[in-house]
Amino acid sequence: MGSDSRDGLSEGDVRDLRAGGGGGRRTDSVILLHTGAHGTSMVSLPRDSWVTVPGRLAPLTGKTKRPEGDKLNAAFAYGGPELLVHTVEKNTGLRIDHYAEIGFAGFVNIVDAIGGVRICLKRDIKDKKSGADLRKGSQTLDGRQALAFVRQWHQEREGDLGRSKNQQKFLSTLAHQAVLRRS
């Protein structure tokens with residue numbers, strides 16, 4: 001799970017990464033990763049998917065809340081990783097064996113640690129909110145540029161679903177490059 005956590009970022013980093021605003025904890029992306037005998041697959045779960053959030057204890061009132069419809073993103077905000085995983089399991093019928101989370105600083109650090117990620121863009125991308133300012137064609141994105149790329153969605157024709165496609169493309173390339181680098 002990619003969160004919008006700003007932990008580990010200085011005020012200057014927050015400004016430079018255009019990561020301002022947004023208090024609290026929210027999902028920025030949720031991706032199921034399956035590894036098995038027949039290969040590996042990743043499935044994005046859009047954060048705005050309408051799901052049934054299982055019953056839970058409301059921390060402010062101490063009362064038990066009944067299951068209710070809400071966005072997938074809300075499950076994480078209400079109950080952190082545990083409720084997010086429980087929500088995904090209840091809504092998909094899948095069993096989740098492991099959970100991993102990365103915030104903005106961790107994402108930037110991983111990309112920079114492998115020397116950037118080489119990606120080919122089909123069009124120019126300019127997005128003020130994320131800070132993305134990328135040109136069409138092949139290029140190597142550093143951590144800051146990569147974070148802007150995977151966060152941007154305002155000019156995507158498919159909105160947040162278009163962003164999910166960009167994230168999948170990016171993560172696939174990142175994983176491939178990391179494996180090659182280990183060899």
Side-chain angles (χ1 to χ4, degrees), residues 1-6 9 13-34 39-53 69-78 84 87-88 91-94 96 100-112 114-178:
M1 195 275 295
S3 78
D4 65 359
S5 169
R6 282 113 173 122
L9 297 177
D13 293 334
V14 170
R15 254 189 328 278
D16 188 42
L17 295 172
R18 304 229 179 150
R25 283 178 79 194
R26 291 181 301 270
T27 61
D28 215 43
S29 59
V30 178
I31 300 174
L32 290 175
L33 172 68
H34 173 77
T40 300
S41 59
M42 293 189 301
V43 176
S44 294
L45 301 177
R47 64 186 180 170
D48 291 338
S49 297
W50 194 257
V51 296
T52 299
V53 177
D70 210 328
K71 293 179 180 181
L72 181 60
N73 192 16
F76 185 73
Y78 296 149
L84 176 64
T87 300
V88 170
N91 284 271
T92 65
L94 299 172
I96 308 299
E101 178 180 338
I102 190 164
F104 291 167
F107 182 89
V108 168
N109 291 339
I110 285 174
V111 173
D112 286 344
I114 66 163
V117 173
R118 187 103 184 126
I119 198 154
C120 185
L121 301 176
K122 294 181 180 179
R123 60 179 171 76
D124 290 348
I125 296 176
K126 185 146 180 96
D127 179 61
K128 286 183 181 181
K129 291 197 177 214
S130 72
D133 188 6
L134 307 168
R135 299 288 164 242
K136 177 182 177 177
S138 291
Q139 59 208 283
T140 300
L141 303 182
D142 65 19
R144 183 188 59 75
Q145 293 168 316
L147 182 65
F149 172 66
V150 299
R151 291 184 64 220
Q152 62 81 29
W153 62 272
H154 291 92
Q155 78 290 335
E156 291 293 331
R157 188 173 49 231
E158 296 173 297
D160 207 32
L161 293 176
R163 179 172 81 143
S164 291
K165 288 180 182 178
N166 288 339
Q167 290 170 345
Q168 290 171 344
K169 176 182 179 177
F170 182 84
L171 290 173
S172 176
T173 304
L174 171 77
H176 182 73
Q177 284 181 218

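The analysis underlying the following values was restricted to heavy atoms, covering all of them including side chains, and did not include hydrogens, waters or symmetry mates.
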Undergrad: With Asp16, which residues qualify under side-chain contact (heavy atoms from CB on, under 4.5 Å), at least two apart?
TA: Arg144

Undergrad: Between the side chains of Arg118 and Thr140, is a donor N or O closer than 3.5 angstrom to an acceptor N or O?
TA: yes

Undergrad: Under the side chain to side chain contact (heavy atoms under 4.5 Å, CB included) rule, what do Val88 and Leu94 come out as? Steps first, then yes or no, please.
TA: CA-CA 8 Å; Val88 170; Leu94 299 172; 5.6 Å; no

Undergrad: Tell me which pairs pass salt bridge (charged side-chain N to carboxylate O under 4.0 Å, His left out) where either residue lies in residues 41-53, with sequence neighbours left out.
TA: Asp28-Arg47, Arg47-Asp160, Asp48-Lys71

Undergrad: Evaluate side chain to side chain contact (heavy atoms under 4.5 Å, CB included) for Leu147 paired with Val111, printing each intermediate quantity in order.
TA: CA-CA 9 Å; Leu147 182 65; Val111 173; over 6 Å; no

Undergrad: For Gly116, does its backbone N or O pair with a side-chain atom of Asp142 as donor and acceptor, under 3.5 Å?
TA: no

Undergrad: So which heavy atom on Asp112 is nearest to which on Gly143, and how close?
TA: OD1-N, 2.6 Å

Undergrad: If you round to the nearest 0.5 Å, how far is CD of Gln145 from OG of Ser130?
TA: 11.5 Å

Undergrad: Given side chains that start at C-beta, do those of Leu121 and Gln139 come closer than 4.5 Å, heavy atoms only?
TA: yes

Undergrad: Assess whether side chain to side chain contact (heavy atoms under 4.5 Å, CB included) is satisfied between Leu84 and Tyr78, documenting all intermediate values.
TA: CA-CA 9 Å; Leu84 176 64; Tyr78 296 149; over 6 Å; no

Undergrad: Check whether any side-chain N or O of Ser49 sits under 3.5 Å from a backbone N or O of Leu45 as a donor-acceptor pair, and report yes or no.
TA: no

Undergrad: Side chains of Lys165 and Glu158, heavy atoms from C-beta outward: is any pair under 4.5 Å?
TA: yes

Undergrad: Nearest 0.5 Å, please: how far is OG1 in Thr27 from CD in Glu101?
TA: 10.0 Å

Undergrad: Taking C-beta and beyond as the side chain, do Asn91 and Thr52 meet within less than 4.5 Å on heavy atoms?
TA: yes

Undergrad: In the structure I gave you, are the side-chain heavy atoms of Leu72 and Val30 within less than 4.5 Å of one another anywhere?
TA: yes

Undergrad: Under a 4.0 Å threshold between the charged nitrogen and the carboxylate oxygen, would Lys126 count as salt-bridged to Asp124?
TA: no

Undergrad: With rounding to the nearest 0.5 Å, note down the distance linking OG in Ser3 to CZ in Phe107.
TA: 12.0 Å

Undergrad: Is a donor on one side and an acceptor on the other found under 3.5 Å between the side chain of Lys169 and the backbone of Cys120?
TA: yes

Undergrad: May I ask you to test the Asn166-Gln152 pair for a side-chain heavy-atom distance under 4.5 Å?
TA: yes

Undergrad: Rounded to the nearest 0.5 Å, what's the gap from CG on Leu174 to CD1 on Ile119? Could you check?
TA: 9.5 Å

Undergrad: Step by step, would you call Arg6 with Asp4 a salt bridge (charged side-chain N to carboxylate O under 4.0 Å, His left out)?
TA: CA-CA 6 Å; Arg6 282 113 173 122; Asp4 65 359; 3.7 Å; yes

Undergrad: For Ala105 versus Leu9, what's the shortest heavy-atom pair and its separation?
TA: CB-CD2, 3.6 Å

Undergrad: For a 4.5 angstrom cut-off between non-hydrogen side-chain atoms, does Pro46 reach Leu161?
TA: yes

Undergrad: Rounded to the nearest 0.5 Å, what's the gap from CD1 on Ile31 to CD on Gln168? Could you check?
TA: 6.5 Å

Undergrad: What I'd like to find out is whether the side chain of Arg18 reaches to under 4.5 Å of the side chain of Lys128, using heavy atoms alone.
TA: yes

Undergrad: Any chance you could measure Leu171, atom CG, to Ser44, atom OG, to the nearest 0.5 Å?
TA: 8.0 Å

Undergrad: Under 4.0 Å between a Lys/Arg side-chain N and an Asp/Glu carboxylate O for Lys122 and Glu156?
TA: no

Undergrad: Give me each pair satisfying ring pair (Phe, Tyr, Trp, His ring centres under 6.0 Å) with a member in residues 134-165, each pair once, sequence neighbours excluded.
TA: none

